[in-house]
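Data first, discussion second: the structure below is written as C-alpha cells.
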Amino acid sequence: MTFRAADAADVPAIVDLVQSAYRGDSSRAGWTTEADLLDGQRTDPAMVAAAITEPGSTVLLALDDAGAIVASAQLEQRDGYAYFGMFAVDPGRQRGGFGARLLGEAERFARDEWDAAEVRMTVIVQREDLIAWYERHGYARTGEISPFPYGDERFGVPRRPDLAFETLVKKVA
C-alpha cells in the first residue's frame, strides 16, 4: 500500500468511494454503512474539491499495489490539532487493514507535517461499532455532543430524529 495526497483528478473516484462506503445497498458489503441511519448523499464533488484545494486541508489516499484508490480521509489543520473526516474504505476491502493503515498515516501526517498535538473527529453517536473501532486505535470519547445538521441534505437525509455527533480525540505528539 502507498499513500499520496489527492488532486483534482481524483474527485470523482473519491466521491464514489465515500458514497459506496456509507450510503445505499453497496455500503452494506462493508461494516461502515450508515444506510440504516441516513439516505441521500454523504458528499459531493464540490465538497471533495474544496477538501483538496482549501488551505489547511488535504485528502490522503491509500492505494493498493495496482495503484487503485482503496481508502481516503480528509485532514483539516486547526488550532493545535488536526480534524479527521471523510474517512472511507472500499466496502469490499474493509477488514483488510487498509483503514487502520490510512488512519496511522493521517496521524503521522498531522503530527509531522502540521505539528498537531492531537487528532479529533466526530462520529454519529449511534455508530457504537465504529466508535469502538476508533477506541481500539487509541481514540477517547470526550462526551462532547454536537447536533446533526438536519435540513442540510448535503450530509444526507436522516432516517431517524435523534442523530448527533460525539467528538473523539487522540494525542499524537
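What's counted below: heavy atoms across the whole structure, side chains too, no hydrogens, waters or symmetry copies.
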Worked verdict on Leu103 versus His137 for side chain to side chain contact (heavy atoms under 4.5 Å, CB included): CA-CA 9 Å; Leu103 179 61; His137 289 86; 3.9 Å; yes
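- Rounded to the nearest 0.5 Å, atoms CZ (Arg127) and CH2 (Trp133) are 11.5 Å apart.
- Taken to the nearest 0.5 Å, the CD atom of Glu128 stands 8.0 Å off from the CD atom of Glu166.
- A donor-acceptor pair under 3.5 Å is formed between the side chain of Ser57 and the backbone N or O of Ala51.
- Taking CZ of Arg108 as the start and CD of Glu113 as the end, the distance is 5.5 Å to the nearest 0.5 Å.
- Taken from CG in Leu168 to CZ in Arg141, the straight-line distance is 7.0 Å, to the nearest 0.5 Å.
- Under the 6.0 Å distance and 45° angle rule, Arg120 does not count as a cation-pi partner of Tyr83.
- Of the inter-residue distances, the one linking Leu17 atom CG with Phe87 atom CZ reads 10.0 Å to the nearest 0.5 angstrom.
- Two residues are said to be in side-chain contact when any heavy atoms from C-beta on lie closer than 4.5 Å; Arg159 and Asp39 meet this criterion.
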Chi angles and distances behind the side chain to side chain contact (heavy atoms under 4.5 Å, CB included) call for Phe155, Met47: CA-CA 10 Å; Phe155 302 101; Met47 292 166 73; 3.4 Å; yes
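- Side-chain N or O atoms of Thr142 include one that pairs as donor or acceptor with a backbone N or O of Thr167 at under 3.5 Å.
- A distance-only check finds no donor-acceptor pair linking the side chain of Tyr139 to the backbone of Ala132 [under 3.5 Å].
- Under the 4.5 Å side-chain heavy-atom criterion for ILVMFWY residues, a single connected hydrophobic cluster contains both Val11 and Leu63.
- Contact annotation: the side chain of Asp10 approaches that of Arg4 to within less than 4.5 Å [non-hydrogen atoms, C-beta and beyond].
- When side chains are defined from C-beta on, Met86 counts as touching Val48, because their heavy atoms get closer than 4.5 Å.
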Verdict with supporting geometry, Leu60 and Phe109, side chain to side chain contact (heavy atoms under 4.5 Å, CB included): CA-CA 9 Å; Leu60 298 176; Phe109 183 96; 4.2 Å; yes
Side chain to side chain contact (heavy atoms under 4.5 Å, CB included) assessment of Val172 paired with Tyr81: CA-CA 9 Å; Val172 294; Tyr81 71 93; over 6 Å; no
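- In this pair, Tyr134 and Phe84 present their aromatic rings perpendicular. The plane angle is above 60°, beyond the 30 to 60° band.
- One finds the CD1 atom of Ile52 at 7.5 Å from the CG atom of Leu61 (value rounded to the nearest 0.5 Å).
- Contact record, Asp44 with Arg154: OD2-CG, 4.4 Å, taken as the closest heavy-atom pair.
- Note: the hydrophobic cluster containing Phe148 does not contain Val125 (ILVMFWY, side chain heavy atoms under 4.5 Å, direct or indirect links).
- With a 4.5 Å cut-off on side-chain heavy atoms, Val89 and Leu102 do not count as touching.
- Follow the hydrophobic side-chain contacts under 4.5 Å out from Ile131 and you never reach Ile145; the two are in separate clusters.
- Residues Ile124 and Leu37 are in side-chain contact: their nearest non-hydrogen atoms beyond the backbone lie under 4.5 Å apart.
- In plain terms, the two heavy atoms of Pro158 and Leu163 that are nearest each other are CB-CD1, 3.9 Å.
- Within a 6.0 Å radius of CG in Asp162, more than 12 heavy atoms belonging to other residues, nucleotides or ligands are found.
- Nearest heavy-atom pair, Pro91 versus Ser20, reported as atom, atom and distance to 0.1 Å: CG-O, 3.1 Å.
- Counting only heavy atoms from C-beta outward, the side chains of Phe3 and Arg101 approach each other to under 4.5 Å.
- The two atoms that bring Gln126 and Ala164 nearest to each other are OE1-N, 3.9 Å, heavy atoms only.
- Between Asp36 and Arg160, none of the side-chain N atoms (NZ, or NE/NH1/NH2) sits under 4.0 Å from a carboxylate O, so this pair counts as no salt bridge.
- The two atoms that bring Gly156 and Leu38 nearest to each other are C-CD2, 4.4 Å, heavy atoms only.
- Judged by distance alone, the side chains of Thr58 and Gln74 never bring a donor and an acceptor atom under 3.5 Å apart.
- For Glu153, the CD atom counts as loosely surrounded, since its 6.0 Å shell holds 12 or fewer non-hydrogen atoms of other residues, nucleotides or ligands.
- Side-chain contact between Val123 and Met121 is present, with at least one heavy-atom pair separated by less than 4.5 Å.
- A salt bridge is defined here as a Lys NZ or Arg NE, NH1 or NH2 lying under 4.0 Å from an Asp or Glu carboxylate O, and Glu118 with Lys170 fails to meet this definition.
- Taking each heavy atom of Met1 and Ala62 in turn, the nearest pair found is SD-CB, 3.7 Å.
- A heavy-atom distance below 4.5 Å is found between the side chains of Arg93 and Asp64.
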